[in-house]
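Please read these numbers as outputs of a predicted model, since none were measured by experiment. FYI, the numbering just counts along the sequence from 1.
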Amino acid sequence: MNNWIRKLHIYAGLLNFSILIVFGLAGLVVTFDAADIFHSGNEPRTEVLPFTYPESVSDKEIANLIAQKLQPAHTGPPNAHRDPATHQLISDFYSLNGLVRVTALEPTNQLRIEAYRNSIWRFLDNAHATTIAERTSDGGVRAWAWYIEFSIWSLIFLIVSGAWLGLTERQRFRWTNISLAAGCAVFAAFYFLTK
């Protein structure tokens with residue numbers, strides 16, 4: 001039985017290799033506080049398009065009409081809100097790659113579209129935080145979210161199978177026991193220091 005557990009443990013580790021790289025790099029992005037889209041110093045790509053505003057509709061309905069017209073790539077539904085200073089309707093479309101912010105210029109029947117692009121580092125941070133709860137119509141984002149879900153369960157399997165193999169096969173190796181004791185001690189210390 002241990003032979004099969006060992007093989008499954010190895011294959012689960014290989015299947016999770018790319019996701020662990022993304023998780024590790026995302027941790028470094030947060031640790032070193034990589035600049036986000038608003039603080040990167042890069043100006044957004046801006047364009048203005050004509051848009052006819054229907055009468056007697058809510059802000060949410062206008063935002064949905066904007067989404068139908070523009071269909072920004074890889075984004076979820078719009079996050080519509082009013083700018084407190086100018087009272088203009090703003091529809092934000094978020095994606096792993098950044099933000100498309102659309103401002104409704106109602107007096108001139110136009111839309112101002114600002115596309116903010118993430119750096120590769122913030123892309124990795126956003127990819128790391130993607131879950132199956134994301135509301136998006138993009139197949140690639142949904143597939144990535146399901147890969148993360150699979151990886152979470154695989155990592156649980158790696159922990160359990162690794163502990164099993166360590167306890168049942170490697171008792172005769174002193175470094176196995178030392179590594180297990182050190183890992184448990186570090187976690188216990190972390191727990192009590194942050195309690």
*Asks:* Side chains of residues 83-91: which donor-acceptor partners sit under 3.5 Å, not counting sequence neighbours?
*Replies:*
unit_1: Asp83; atom_1: OD1; unit_2: Ala85; atom_2: N; d: 2.7
unit_1: Asp83; atom_1: OD1; unit_2: Thr86; atom_2: N; d: 3.4
unit_1: Thr86; atom_1: OG1; unit_2: Gln88; atom_2: N; d: 3.4
unit_1: Thr86; atom_1: OG1; unit_2: Gln88; atom_2: OE1; d: 3.3

*Asks:* Restricting to pairs with a member in residues 93-103, which pass side-chain hydrogen bond (donor to acceptor under 3.5 Å, both in side chains), not counting sequence neighbours?
*Replies:*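 Those involving residues 93-103 are Asp92-Arg101.
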*Asks:* Any idea which heavy atoms bring Pro72 and Thr75 closest together, and the distance?
*Replies:* O-OG1, 3.1 Å
*Asks:* Is the side chain of Asp138 donor-acceptor paired with the backbone N or O of Val141 at a distance under 3.5 Å, no angle test?
*Replies:*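 Judged by distance alone, yes, a pair lies under 3.5 Å.
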*Asks:* Not counting sequence neighbours, which residues clear side-chain contact (heavy atoms from CB on, under 4.5 Å) with Trp146? List them please.
*Replies:*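 Trp146: side-chain contact (heavy atoms from CB on, under 4.5 Å) contacts with Ile132, Glu149.
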*Asks:* Among all residues two or more places apart in sequence or in another chain, which pass the salt bridge (Lys or Arg N to Asp or Glu O under 4.0 Å) test with Glu106?
*Replies:* Arg82
*Asks:* Heavy-atom distance under 4.5 Å between the side chains of Leu28 and Leu124, does that happen here?
*Replies:*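 No; the side chains remain at least 4.5 Å from each other.
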*Asks:* How does the hydrophobic cluster around Leu105 look, that is, which other residues are in it when side-chain heavy atoms under 4.5 Å mark a link?
*Replies:*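 Besides Leu105, the cluster holds no residue at all.
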*Asks:* Out of curiosity, Ile5 CD1 to Met1 CE, how far, rounded to the nearest 0.5 Å?
*Replies:*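 The CD1 atom of Ile5 sits 3.5 Å away from the CE atom of Met1.
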*Asks:* Pair Thr168, Asn2 - check side chain to side chain donor-acceptor pair (under 3.5 Å), show working.
*Replies:* CA-CA 8 Å; Thr168 60; Asn2 277 4; 3.0 Å; yes
*Asks:* Show the nearest heavy-atom pair for residues Ala67 and Phe93, with the distance to one decimal.
*Replies:* CB-CE2, 3.6 Å
*Asks:* Can you name the residues that form a ring pair (Phe, Tyr, Trp, His ring centres under 6.0 Å) with Phe51, not counting sequence neighbours?
*Replies:*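 In terms of ring pair (Phe, Tyr, Trp, His ring centres under 6.0 Å), with neighbours along the sequence ignored, Phe51 is linked to Tyr53.
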*Asks:* Restricting to non-hydrogen atoms, name the atom on Glu114 and the atom on Pro44 that form the minimum distance, rounded to 0.1 Å.
*Replies:*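 Closest heavy-atom pair between Glu114 and Pro44: CB-CB, 4.1 Å.
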*Asks:* Between atom CH2 of Trp121 and atom CG of Asn126, what is the distance when rounded to the nearest 0.5 Å?
*Replies:*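 Interatomic distance, Trp121 CH2 to Asn126 CG, rounded to 0.5 Å: 14.5 Å.
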*Asks:* If you group Ile, Leu, Val, Met, Phe, Trp and Tyr by side-chain heavy-atom gaps below 4.5 Å, do Val102 and Tyr116 land in one group?
*Replies:*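 No.
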*Asks:* How long is the straight-line distance from CG of Leu111 back to NZ of Lys69, given to the nearest 0.5 Å?
*Replies:*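 The CG atom of Leu111 is 7.0 Å from NZ of Lys69, to the nearest 0.5 Å.
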*Asks:* In chain order, what residues pass the ring pair (Phe, Tyr, Trp, His ring centres under 6.0 Å) check against Tyr147, with sequence neighbours excluded?
*Replies:* Trp144
*Asks:* Considering all heavy atoms of both residues, which atom of Asn118 and which atom of Leu96 are nearest to each other, and what is their separation?
*Replies:* ND2-O, 2.9 Å
*Asks:* With rounding to the nearest 0.5 angstrom, report the CD1 to OG distance, Ile159 to Ser154.
*Replies:* 11.0 Å
*Asks:* For residues Ile113 and Thr46, determine if any side-chain heavy atom of one lies less than 4.5 Å from a side-chain heavy atom of the other.
*Replies:*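 No; the side chains remain at least 4.5 Å from each other.
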*Asks:* Using the side-chain contact (heavy atoms from CB on, under 4.5 Å) criterion, which residues pair with Thr31? Sequence neighbours excluded.
*Replies:* none
*Asks:* Measure the spacing between CG of Asn16 and CD1 of Ile21 and express it to the nearest 0.5 Å.
*Replies:*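 If we round to the nearest 0.5 Å, Asn16:CG and Ile21:CD1 are 11.5 Å apart.
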*Asks:* Ignoring hydrogens, what is the shortest heavy-atom contact between Thr131 and Ala145? Give both atom names and the distance.
*Replies:* O-CB, 3.4 Å
*Asks:* Taking all heavy atoms of Ile148 and all of His128, pick out the closest pair and write down the distance.
*Replies:*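 Distance-wise, the nearest heavy atoms are CD1-O, 4.1 Å.
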*Asks:* Should side-chain heavy atoms under 4.5 Å link Ile, Leu, Val, Met, Phe, Trp and Tyr, which residues sit in the same cluster as Tyr191?
*Replies:* Phe192
*Asks:* Could you work out the complete set of other residues in the hydrophobic cluster of Leu14, with links drawn between I, L, V, M, F, W and Y side chains under 4.5 Å apart?
*Replies:* Ile10, Tyr11
*Asks:* Please enumerate all residues that pass side-chain contact (heavy atoms from CB on, under 4.5 Å) together with Leu8, with sequence neighbours excluded.
*Replies:* Phe157
*Asks:* Could you pull out all residues at least two apart from His9 that satisfy side-chain contact (heavy atoms from CB on, under 4.5 Å)?
*Replies:*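 Here the qualifying residues are Leu158, Ser161, Leu165.
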*Asks:* Taking the side chain as C-beta and beyond, is there a heavy-atom pair between Pro50 and Asn109 under 4.5 Å?
*Replies:*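 No, their side chains stay 4.5 Å or more apart.
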